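Structure first, commentary second.
Predicted, not measured: the structure shown is a model, and the values here were computed from it.
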Amino acid sequence: MQDFDAHTPTPAHETAIDCLQAGVEAVLPDRVVRESVSLDGDTLTVADETYDLTAYDRILVVGGGKAGDGVADALEAVLGDRIDDGVVVTPDPTPSPDGRIERLPGDHPVPSARGVESTRRLVDLISDLDDRTLVLAAITGGASAVLPSPAEGISLAELQETTDRLLESGAEIHDLNAVRKHVSTLKGGGLARLAAPATVVGLVLSDVVGNDLGVIASGPTAPDETTYDDALDVLDRFDLDVPKSVRTRLARGSAGDIPETPKPGDSVFDRVTNHVLADTFTALDAAREVADERGYDPLVLSSRVRGEAREAAKTHVAVAEESLATGNPIAAPAVVLSGGECTVTVRGDGDGGPNLEFCLAAAAELPEETVLASIDSDGKDGGTEVAGAVVDSSTVDAGDAHDALARNDALPVLREAGALVESGATGTNVNDLRVVVVGEGV
Ligand SMILES: O=C(O)C(=O)CO
């Protein structure tokens with residue numbers, strides 16, 4: 001991963017960026033997998049579980065998402081020629097160093113034709129397995145779009161339109177994925193169902209608040225707690241105008257004409273174990289250490305902040321104000337950290353994403369002696385090519401900020417102010433990471 005590129009005129013700005021960089025480095029798949037997966041003779045250990053490899057004739061690696069490539073690299077490094085075959089689908093696939101795991105392309109945030117083709121290869125690999133096969137599944141955020149397999153009767157164009165509507169709606173990921181799980185074959189436990197009776201071990205990097213396995217990447221290896229009715233309810237609640245084929249499928253499912261996704265207790269999960277190897281808290285913990293080393297009092301406010309980005313920003317400004325005024329919840333100089341997944345309800349046609357909106361809204365109200373930065377850990381906020389921004393009370397004029405927010409156009413204003421944080425694709429994906437440095441730079 002390249003060093004973050006950001007304007008850091010003061011030590012407080014530097015601290016903010018260094019905290020974020022350390023946070024992302026702590027959740028890079030290579031580091032995370034090597035910390036949790038090891039091979040000793042014929043014993044494979046994943047987190048606290050061991051697998052006797054003499055029980056298997058074949059070991060396959062499948063999966064995908066934004067961190068899929070890194071997970072595959074690390075597994076190749078740990079398992080070497082014990083891996084027999086594999087297909088991993090990611091947005092920017094790099095050739096496998098030893099060619100054991102095929103790396104194929106998929107796209108995000110909207111699924112693409114090449115993603116469908118790549119996923120078909122993965123499906124072919126895991127169809128018809130026996131109980132002497134071990135499947136290691138890289139489950140990482142972004143896979144809902146990167147790894148598409150539209151259900152019968154739904155075209156790619158219809159899946160793309162449905163994804164667009166869902167993304168624009170401001171719906172949270174639980175709702176979004178309740179729909180996606182019911183219009184595709186691999187999601188909602190579909191991968192586990194296809195691979196049964198093989199043993200499936202999910203290696204999960206969570207980008208979902210609360211680490212709900214049924215939601216991360218739309219839960220290909222996890223039981224689905226949602227139903228066709230839930231998916232229909234999402235369409236109604238957000239007043240979503242989706243293609244007829246999608247509504248028809250959900251209605252038929254709701255009427256019992258199409259089988260449900262596998263639920264908790266279903267026998268397809270008898271040989272499935274999922275391990276969450278890293279999440280947002282892992283990143284915040286590393287950021288906290290950096291703040292501590294710099295002489296700040298660190299406080300992890302929450303790894304579960306969600307809701308409309310511009311509203312969450314106000315809460316973070318309020319925390320900074322309180323810290324300066326009364327020393328609560330922590331006295332300055334302090335570093336307040338948070339993570340989570342904010343959303344944006346798109347009303348304008350500008351450029352931006354949740355982290356950019358968060359920063360712009362905060363910049364309009366931040367007290368002096370405060371620096372705030374917010375990034376998407378994957379390095380691309382919303383549909384932009386930038387990770388996020390770092391701001392202080394002098395970054396933007398409050399009126400300009402409000403005008404840009406009304407157009408959902410945070411990117412140009414923050415670019416003009418020289419406030420962008422650029423990292424390129426980081427190769428990993430947990431949630432958004434935020435840092436507020438309150439008080440003088442130490
Ligand atoms: O579903 C996805 O792909 C997400 O990014 C959430 O894990």
| Donor-acceptor pair, side chain of S267 and main chain of D270, under 3.5 angstrom | no
| task | Supply the atom-to-atom distance L129 CG to D57 CG, rounded to the nearest 0.5 angstrom. | result | 12.0 Å
| request: Tell me, yes or no, whether the heavy-atom count around D130 atom CG, taken from other residues, nucleotides or ligands under 6.0 Å, exceeds 12. | output: yes
| field | Rounded distance (nearest 0.5 Å) linking atom CD of E76 with atom CD1 of I83 | value | 5.5 Å
| query | Is a donor on one side and an acceptor on the other found under 3.5 Å between the side chain of N355 and the backbone of D381? | reply | no
| Looking at L301 and H316, what are the two nearest heavy atoms and their distance? | CD2-NE2, 4.2 Å
| field | Audit row: L240, S169, side chain to side chain contact (heavy atoms under 4.5 Å, CB included) steps and yes/no | value | CA-CA 8 Å; L240 297 182; S169 71; 3.7 Å; yes
| request: Could you tell me whether D285 and R288 have a side-chain N and a carboxylate O separated by less than 4.0 Å? | output: yes
| Quick one: ring pair (Phe, Tyr, Trp, His ring centres under 6.0 Å) pairs with a partner in residues 16-50, sequence neighbours left out? | none
| query | At their closest point, which heavy atom of A6 faces which heavy atom of V390, and how far apart are they? | reply | CB-CG1, 4.3 Å
| Check: D85 side chain, L60 main-chain N or O, donor-acceptor pair, under 3.5 Å | no
| said: Is there a side chain to side chain contact (heavy atoms under 4.5 Å, CB included) between T226 and V179? Walk through the geometry before answering. | reply: CA-CA 9 Å; T226 67; V179 177; over 6 Å; no
| message | What's the separation between atom OH in Y296 and atom CG in L337, rounded to the nearest 0.5 Å? | response | 12.0 Å
| Does the side chain of V305 reach to within under 4.5 Å of the side chain of C342, using non-hydrogen atoms? | yes
| S218 to S144 - nearest heavy-atom pair and separation | OG-OG, 2.7 Å
| request: Give me the one residue out of L277, V71, D207 that meets side chain to side chain contact (heavy atoms under 4.5 Å, CB included) with T140. | output: V71
| field | D164 side chain near V110 side chain, heavy-atom distance below 4.5 Å | value | yes
| query | Would you find more than 12 non-hydrogen atoms of other residues, nucleotides or ligands less than 6.0 Å from R304 atom CZ? | reply | no
| message | Check R121 with E117, please: is the shortest side-chain N to carboxylate O separation under 4.0 Å? | response | no
| Got a donor-acceptor contact below 3.5 angstrom from the T133 side chain to the A198 backbone? | no
| Roughly how far, to the nearest 0.5 Å, is the CD1 atom of I375 from the CG atom of L420? | 13.0 Å
| query | Does D42 have any salt bridge (charged side-chain N to carboxylate O under 4.0 Å, His left out) partners at least two apart in sequence or in another chain, and if so, which? | reply | R82
| task | List the steps, then state whether side chain to side chain contact (heavy atoms under 4.5 Å, CB included) holds for D81 with R100. | result | CA-CA 8 Å; D81 61 9; R100 287 193 178 277; 3.1 Å; yes
| Test item: E357 and N408 side chains (from C-beta on) under 4.5 Å apart, heavy atoms | yes
| Any donor and acceptor pair, going by atom type alone, linking the side chain of E158 with main-chain N or O of V246 inside 3.5 Å? | no
| message | Please check this pair: side chain of T282 against backbone of V27, looking for a donor-acceptor N/O pair closer than 3.5 Å. | response | no
| message | Working note: L44 + L136, criterion side chain to side chain contact (heavy atoms under 4.5 Å, CB included); need CA distance, chi angles, decisive distance, verdict. | response | CA-CA 11 Å; L44 175 69; L136 302 176; 4.2 Å; yes
| query | Which heavy-atom pair separates A389 from C359 by the least distance, and what is that distance? | reply | O-SG, 3.4 Å
| side chain to side chain contact (heavy atoms under 4.5 Å, CB included) partners for S149, two or more places apart | T119, S184, T185, L186
| said: Under the ring pair (Phe, Tyr, Trp, His ring centres under 6.0 Å) definition, can you give me all pairs with a residue in residues 73-94, not counting sequence neighbours? | reply: none
| message | I'd like to know if K263 and E225 make a salt bridge, using a cut-off of under 4.0 Å between side-chain N and carboxylate O. | response | no
| said: Quick test of your reading of the model: are D241 and R165 salt-bridged, counting only N-O distances below 4.0 Å? | reply: no
| task | Only counting residues at least two apart or in another chain, list the ones meeting salt bridge (charged side-chain N to carboxylate O under 4.0 Å, His left out) with D69. | result | R103
| Taking atom CG of L205 and atom CG of D378, what is their separation to the nearest 0.5 Å? | 12.0 Å
| note | Heavy atoms of A291 and P298 approach each other most closely as CB-CB, 4.0 Å
| query | Which pairs count as salt bridge (charged side-chain N to carboxylate O under 4.0 Å, His left out) when at least one residue sits in residues 244-258, sequence neighbours excluded? | reply | D236-R247
| field | G141 backbone acceptor or donor facing N429 side chain under 3.5 Å | value | yes
| Under 3.5 Å, side chain of E260 to main-chain N/O of G253, donor-acceptor pair present? | no
Please table the atom pairs, donor to acceptor, closer than 3.5 Å between any side-chain atom in residues 409-416 and protein atoms at least two apart or in another chain.
| from | atom 1 | to | atom 2 | distance (Å) |
| --- | --- | --- | --- | --- |
| D409 | OD1 | D351 | N | 2.8 |

| note | In short, salt bridge (charged side-chain N to carboxylate O under 4.0 Å, His left out) pairs touching residues 176-204 with sequence neighbours left out are K181-D224
| request: Scan for ring pair (Phe, Tyr, Trp, His ring centres under 6.0 Å) pairs involving residues 13-51, sequence neighbours excluded, and state none if there are none. | output: none
| request: Taking all non-hydrogen atoms of both residues into account, name the closest pair between D92 and A425 and its distance. | output: OD2-CB, 4.3 Å
| Can you name the residues that form a side chain to side chain donor-acceptor pair (under 3.5 Å) with D230, not counting sequence neighbours? | T227
| message | Any side-chain to backbone donor/acceptor pair from N211 onto S206? Under 3.5 Å, distance only. | response | no
| Rounded distance [0.5 Å steps], CG in D233 versus CG in D175 | 8.0 Å
| Taking only residues two or more places apart in sequence, or in another chain, which ones meet V290 in a side chain to side chain contact (heavy atoms under 4.5 Å, CB included)? | D18, C19, A22, R294
| K380 with D376: basic N within carboxylate O range, under 4.0 Å | no
| message | salt bridge (charged side-chain N to carboxylate O under 4.0 Å, His left out), that's the test. Do D124 and R120 meet it? Break it down for me. | response | CA-CA 6 Å; D124 286 348; R120 210 169 277 146; over 6 Å; no
| field | Close side-chain approach of P223 to D266, heavy-atom, < 4.5 Å | value | no
| said: Could you tell me if the side chain of E341 sits less than 4.5 Å from the side chain of E172, heavy atoms only? | reply: no
| Quick check: does any side chain N or O of T280 sit under 3.5 Å from a backbone N or O of G340, one acting as donor and the other as acceptor? | no
| query | Using a distance-only test with no angle check, is there a side-chain donor-acceptor pair under 3.5 angstrom linking H275 and S36? | reply | no
| message | Once ring pair (Phe, Tyr, Trp, His ring centres under 6.0 Å) is applied, what residue pairs with a partner in residues 166-205 remain, sequence neighbours excluded? | response | H182-Y228
